[in-house]
S.K.: 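One structure, as structure tokens, below. Some questions next.
Just so it is clear, the structure is predicted and the values come from calculations on it, not from any experiment. Sequence lines set the chain letters: A, B, ... in the order given, protein chains first and strands last, and positions in each chain run from 1.
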Number of protein chains: 2
Amino acid sequence: MSETETGTGSSPGGPRTVGRRERKKAATRKALADAALRLFLERGYDDVSVKDVAEAADVSTTTLFKHFPGKEALLFDEDESLESALVAAVSERPPGQSVPAALREHVLRTRLDAKPEFARFLALVDTTPALREQARRMWIRHEAALARAIAADAGAPEDDASCRALARFALEVPSLVRGTPDPRDAIERAFELLEHGWHARPVAPGPGGGPQRAS
Amino acid sequence: MSETETGTGSSPGGPRTVGRRERKKAATRKALADAALRLFLERGYDDVSVKDVAEAADVSTTTLFKHFPGKEALLFDEDESLESALVAAVSERPPGQSVPAALREHVLRTRLDAKPEFARFLALVDTTPALREQARRMWIRHEAALARAIAADAGAPEDDASCRALARFALEVPSLVRGTPDPRDAIERAFELLEHGWHARPVAPGPGGGPQRAS
DNA sequence: TAAAAAAGTGCAACGAATCAACTTTCTGAC
DNA sequence: GTCAGAAAGTTGATTCGTTGCACTTTTTTA
């Protein structure tokens with residue numbers, strides 16, 4: 001243990017830092033999450049019981065449930081950074097770029113060009129129905145934050161219905177394109193719909209043809 | 001049980017379409033679904049166990065699981081008619097009406113003007129998180145059929161990505177507007193977005209009045 | 001220093017879901 | 001008509017996720 005904190009006992013009134021206790025709590029929490037990810041990747045989600053995870057982290061199952069509300073939550077422990085990245089993709093987008101285009105680029109970047117470590121995680125989630133649902137639920141929870149960012153950008157009321165709709169639809173895209181043969185094309189088409197609407201859809205029939213794109 | 005049917009031996013010339021066996025099977029299935037709906041509405045979803053439902057229908061719990069894959073499935077037993085109505089809303093829409101407009105009307109009709117019997121069911125589902133998820137999952141399962149209908153209407157390939165996106169987004173609307181203060185307005189705005197896109201969003205003079213400019 | 005609060009443990013229990021072996025129908029073919 | 005067998009159902013046990021309760025240990029606070 002590294003003692004890098006200020007002594008609380010000898011200096012009352014000083015900045016009350018984290019405390020040994022909370023550090024230990026965070027440590028066991030991390031041990032649980034790490035053990036869970038490792039075991040799930042090794043043997044598959046359904047072939048690992050919460051008892052296994054708890055024993056691998058050297059705690060009891062009761063303690064595990066004090067840290068995580070359920071088995072699925074063991075895998076989705078750090079999604080706050082995802083939310084801030086999502087908001088930043090809108091609020092700090094390059095000048096001249098529309099909001100749907102910024103979201104499209106963000107989705108393309110994070111889902112298609114994922115680094116291999118994260119890709120293994122995505123593959124595990126994709127192949128487990130229970131985790132697919134949980135992943136989507138966690139993902140959609142960012143709707144409110146994203147809708148706020150969009151509304152602020154567009155100068156609309158904070159709870160504007162159109163902004164909420166755009167946020168929800170954009171967040172739904174990863175789930176929508178899951179399992180399609182050409183995910184990149186599917187993502188681009190979905191955001192094209194959000195950008196210009198069904199009304200402006202190219203009506204040229206036939207696959208492979210190059211219909212005029214209003215970008 | 002409740003059917004006063006005559007013995008098969010006395011009238012052998014009857015139309016042997018279904019068979020006594022399948023009728024009994026359908027009867028117990030219906031008994032289970034009816035008991036489940038009744039008990040869930042009486043005491044709430046979480047305060048009714050599958051054992052309770054099975055006993056109310058006078059079967060064992062194992063038999064219940066032979067008919068339904070899980071507790072949640074007890075409530076969603078007749079959704080085929082919903083799918084055909086959905087497809088019909090697109091393929092038999094009034095001339096001159098766009099596809100998003102037709103879907104908007106269908107959603108407005110079925111979610112806002114529900115008859116009280118169905119409204120009680122919706123209220124139960126809305127107040128139970130586990131049922132909300134299941135309801136959405138069942139609902140989204142119609143994406144493929146709806147996307148096919150849209151593609152056929154638009155003269156696009158059967159698995160066109162844009163059509164799938166429109167289908168998914170439209171099906172997501174009921175989940176999106178759940179809990180909003182003005183559901184009708186939220187529905188109209190969401191379909192407005194799908195119809196004309198974010199690009200054509202009204203900025204200064206919005207329909208419906210009220211303060212648009214926050215800052 | 002004592003008390004209160006929090007983290008952790010062990011054990012038992014409940015509910016959902018599955019499995020295996022067995023009984024009771026009903027169906028269909030000979 | 002009879003009989004083999006499929007299908008519905010039952011009992012009982014079992015696994016797994018999850019929660020509740022009583023209890024110990026550790027840390028914070030008064």
Side-chain angles (χ1 to χ4, degrees), chain A residues 1 3 5-32 36 39-40 43-55 57-75 128-131 133-134, chain B residues 1 3 5 7-9 12 14-32 35-36 39-40 43-75 128-131 133-134:
Chain A
M1 302 271 194
E3 297 279 339
E5 96 237 44
T6 62
T8 56
S10 56
S11 67
R16 214 142 264 238
T17 57
V18 279
R20 179 169 311 146
R21 179 166 225 153
E22 301 182 16
R23 256 182 297 135
K24 283 206 167 186
K25 184 173 183 178
T28 58
R29 183 187 182 87
K30 186 174 187 323
L32 283 166
L39 290 178
F40 289 160
R43 323 204 311 242
Y45 180 76
D46 289 323
D47 286 336
V48 176
S49 68
V50 291
K51 193 159 169 277
D52 295 336
V53 176
E55 285 176 354
D58 203 35
V59 296
S60 69
T61 70
T62 326
T63 301
L64 186 150
F65 281 104
K66 285 242 172 71
H67 285 272
F68 298 91
K71 184 183 183 182
E72 295 152 351
L74 284 165
L75 269 176
T128 311
L131 289 181
E133 281 301 314
Q134 176 77 4
Chain B
M1 305 301 186
E3 280 296 317
E5 82 184 275
T8 54
R16 50 175 42 244
T17 54
V18 277
R20 171 172 354 199
R21 180 164 223 151
E22 303 181 15
R23 253 180 299 137
K24 284 208 166 186
K25 182 173 182 177
T28 58
R29 183 187 182 87
K30 186 173 185 326
L32 282 166
L39 290 178
F40 288 160
R43 325 205 309 243
Y45 180 77
D46 290 323
D47 286 337
V48 176
S49 70
V50 291
K51 193 158 170 279
D52 294 336
V53 176
E55 285 176 354
D58 203 35
V59 295
S60 69
T61 69
T62 24
T63 300
L64 185 151
F65 282 106
K66 286 239 173 76
H67 285 272
F68 299 91
K71 184 183 183 182
E72 294 150 353
L74 283 164
L75 268 177
T128 311
L131 290 181
E133 283 300 314
Q134 176 77 1

S.K.: Within the pair B/His67 and D/dG9, is there a side-chain N or O less than 4.0 Å away from OP1 or OP2?
M.R.: yes

S.K.: Given side chains that start at C-beta, do those of B/Phe40 and B/Asp47 come closer than 4.5 Å, heavy atoms only?
M.R.: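 The answer is no, as the side chains (C-beta and beyond) never meet within the 4.5 Å cut-off.
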
S.K.: Does any part of the side chain of A/Lys71, heavy atoms only, come nearer than 4.5 Å to the side chain of A/Val53, both counted from C-beta?
M.R.: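 They are not in contact (no side-chain heavy atoms under 4.5 Å apart), so the answer is no.
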
S.K.: Whole angstroms only, please: what is the CD-C1' distance between B/Gln134 and C/dA16?
M.R.: 14 Å

S.K.: Looking at C/dA7, I'd like to know if its phosphate oxygens (OP1 or OP2) sit under 4.0 Å from a side-chain N or O belonging to A/Lys25.
M.R.: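 It does, given that an N or O in the side chain of A/Lys25 lies less than 4.0 Å from OP1 or OP2 of C/dA7.
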
S.K.: When you measure from the side chain of B/Asp58 to the backbone of B/Glu55, do you find a donor-acceptor pair of N or O atoms at a distance under 3.5 Å?
M.R.: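 Checking the backbone N and O of B/Glu55 against the side chain of B/Asp58, no donor-acceptor pair under 3.5 Å is found.
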
S.K.: Among D/dT19, D/dC16, C/dG8, which nucleotide has an atom closest to any side-chain atom of A/Lys66?
M.R.: C/dG8

S.K.: How long is the gap from NE2 on A/His67 to NZ on A/Lys30, to the nearest 0.5 Å?
M.R.: 14.0 Å

S.K.: Send over the distance from A/Leu64 CG to D/dT19 C1', rounded to a whole Å.
M.R.: 13 Å

S.K.: If I take atom CG in residue B/Leu131 and atom P in nucleotide C/dA16, what distance separates them, rounded to the nearest angstrom?
M.R.: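 Interatomic distance, CG of B/Leu131 to P of C/dA16: 12 Å.
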
S.K.: Where each residue is assigned the nucleotide of DNA chain D containing its nearest heavy atom, which of A/Phe68 and B/Val59 is assigned the position nearer the 5′ end?
M.R.: B/Val59

S.K.: Rounded to whole Å, how long is the line connecting atom CZ of B/Arg29 with atom C1' of D/dA7?
M.R.: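 For the pair B/Arg29 CZ and D/dA7 C1', the rounded distance is 16 Å.
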
S.K.: Using the closest heavy atom to pick a nucleotide of DNA chain C for each, name whichever of B/Lys71 or B/Thr62 lands nearer the 5' end.
M.R.: B/Lys71

S.K.: Taking 4.0 Å as the cut-off, does a side-chain nitrogen or oxygen of B/Ser60 come that near to OP1 or OP2 on D/dT10?
M.R.: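 Result: yes.
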
S.K.: Whether A/Thr63 contacts C/dT9 is assessed here as follows: a side-chain N or O lying under 4.0 Å from the phosphate OP1 or OP2. Is that the case?
M.R.: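 Answer is yes, contact under 4.0 Å.
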
S.K.: Can you tell me how far P of C/dC14 sits from CG of B/Asp47, to the nearest Å?
M.R.: 16 Å

S.K.: Figure out the NZ/P separation between A/Lys51 and C/dG10, and round it to whole Å.
M.R.: 11 Å

S.K.: Across the strands shown, which category fits B/Val53 at heavy-atom distances under 4.0 angstrom: base, sugar-phosphate, nothing?
M.R.: nothing

S.K.: Taking the side chain from A/Ser49 and the backbone from A/Asp52, do they hold a donor-acceptor pair closer than 3.5 Å?
M.R.: yes

S.K.: Take A/Pro69 and B/Thr61, find for each the nucleotide of DNA chain D with the closest heavy atom, and name the residue whose nucleotide sits nearer the 5' end.
M.R.: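 The residue whose closest nucleotide sits nearer the 5' end is B/Thr61.
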
S.K.: Could you tell me the separation between the CD atom of A/Glu55 and the P atom of C/dT9, rounded to a whole number of Å?
M.R.: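 For the pair A/Glu55 CD and C/dT9 P, the rounded distance is 12 Å.
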
S.K.: Just N and O in the side chain of B/Lys24: are any of them under 4.0 Å from OP1 or OP2 of C/dC26?
M.R.: yes

S.K.: Please state how far atom CG in A/Leu75 lies from atom P in D/dG17, giving the value in whole angstrom units.
M.R.: 13 Å

